[in-house]
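First comes the structure, then the notes that go with it.
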Amino acid sequence: MAKRKHNPEAAAAKKQWSKGLGTTSDQRPLSFKFPPTIDALLRAMGTAKADYVRSAVEAKLREDGLL
């Protein structure tokens, strides 16, 4: 199998995409289902839903004294 060529433009683009979430590429994602009403609201958020769910979970963990 041939080695990939280093592409500095792709490396720079990847850095711009990173939001610095503190996650690693080897982490398995968490997946949840929600009741239909909540599901519809989250899906209506488009790409902002992941950030919203992350911040909501973090806030609840802090509220419960787990974080």
Practice task
Calculate, to the nearest 0.5 Å, the distance between atoms CG and OH belonging to Leu41 and Tyr52 respectively.
Solution key: 8.5 Å
Fill in the blank from the handout: Applying side chain to side chain contact (heavy atoms under 4.5 Å, CB included) to Glu63 and not counting sequence neighbours gives Lys60
Exercise for the section: State which residues pass side-chain hydrogen bond (donor to acceptor under 3.5 Å, both in side chains) with Arg62; sequence neighbours excluded, sorted by chain then number. Expected result: Glu58
Completion exercise
For residues 30-39, the side chain to side chain donor-acceptor pair (under 3.5 Å) pairs (sequence neighbours left out) are Asp39-Arg43
